Amino acid sequence: MKLATFTESQRTRVGIVVGDGIVDLSREAPELPTEMVALLEAGPEALEAARAAADGAETLALSDVKLESPVLRPPKILAVGLNYADHVAESGMETPKLPLIFNKQSTSVTGPTDPFHMPRVSTALDYEGELGVVIGRRCRHVPRDRAAEVIAGYTVVNDVSVRDWQLRTPTWTMGKSFDTHNPMGPWIATADEVGDPHALDLKTWVNGELRQSTNTKQLIFDCFELVEHLSTAFTLEPGDVIATGTSSGVGIAMKPPKLLQVGDVVKIAIDGVGEIENTVIEEPAETTQIG
Ligand code: ZN
C-alpha cells in the first residue's frame, strides 16, 4: 500500500495511491485520522481499515492533486553519514565503526515535487539520494531481529547538503538542515509492499544525467541495525524518518566537483518505493521572517 499526503481543493489529508489515482481516505473512511502521524499512531488496525476502505473505492486522478511530503512534520529526522562503502572511499574518510548519526530539522522537509533553495549564504549545494525508513510504532530498545515490526514503510529522501556549512564545523547540523533541504516522498510504500528493503536499486539523476546508482544491499549499517542502534538511546516515534545514507556520486566528490546550480532538476528513484523530482531555486526574499 502506498500511503500519501496530498492537497486538493485547499485541503491537505491522507490517501492511498492506486495506479495513477488516489483514494481520499477522508471520504472513504471518515472515522480515520486525516493526518499521517496520527494515522500511524492509530496502529495496525487503522491501517487495515484504510486498506479495506480503499479496496475498489473511487479515486481522484494523481494529476489533479498535489502530493506533499508523506509526513509533513516528522517528529525526528535522523540521518546516517558514510553508510555506503563507495561513498566512504570517495570522501577519503575512514569506514565508521558505529553509525555516524546526525539530525536534520523537521522544518527542512518539503514535498516530492517542490523546489528547494540555493541558500543566500552559500553556493556549495549538493544532493544525496537516500532510502528513508518511516517508523510506525513508538519503540525503544528494539533488537535487530524485531526491527521490521516497528517500520511502517519506506520513502525516498534527498539529503540536500550545503557542503561548506556542513564541513566547516565538527557537527553537520547546520549544513544539513536548511529549510527545504529534505525533499521527501512521493509516499510511504508500506513494508509489506516493499519486501526486502536491502535489495532495492537506487538512482539519482541531475538534469537527466545519472550521478548515483547503487543498491541498498550495499548499506554498511542496514535499516534494522539502524533501528536497533538509535532506539538504544531514545524512543522512536510514529512518523520519525531515518535517512539511511548515500552512495558514491555526490557532486562534491566528482572531479571536478559538480555542485548544484539554480535551475537544476534532481530526480531520485528507488525501485518498489517511488521517485521524487525537485528543482533548485534561489532562496526567495520572503523567507526572512521576524516577529
Ligand atoms: Zn546523507
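Because the structure is a prediction, the values reported are computed rather than measured. Residues take their numbers from the sequence shown, with the count starting at 1. First listed ligand is number 1; within each ligand, the first listed atom is number 1.
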(request) Return the set of protein N, O or S atoms whose distance to the Zn ion (ligand 1) is under 2.8 Å, each given as residue and atom. (result) Glu128 OE1, Glu130 OE2, Asp159 OD2

(request) Given side chain to side chain contact (heavy atoms under 4.5 Å, CB included), test Leu25 with Thr34 step by step and report yes or no. (result) CA-CA 7 Å; Leu25 283 177; Thr34 59; over 6 Å; no

(request) Could you please spell out the steps behind the salt bridge (Lys or Arg N to Asp or Glu O under 4.0 Å) verdict for Lys258 and Asp264? (result) CA-CA 11 Å; Lys258 283 194 187 175; Asp264 283 353; over 6 Å; no

(request) Apply side chain to side chain contact (heavy atoms under 4.5 Å, CB included) to Ala253 and list each qualifying residue two or more places apart in sequence or on a separate chain. (result) Glu90, Val250

(request) Determine whether the aromatic ring centres of Phe178 and His181 lie less than 6.0 Å apart. (result) yes

(message) Under a 3.5 Å threshold, yes or no: a donor from one side chain and an acceptor from the other, between Gln212 and Thr204?
(response) yes

(request) Check the pair Glu128, Lys176 against salt bridge (Lys or Arg N to Asp or Glu O under 4.0 Å), reporting the backbone distance first and the verdict last. (result) CA-CA 11 Å; Glu128 294 190 351; Lys176 291 285 196 176; 3.1 Å; yes

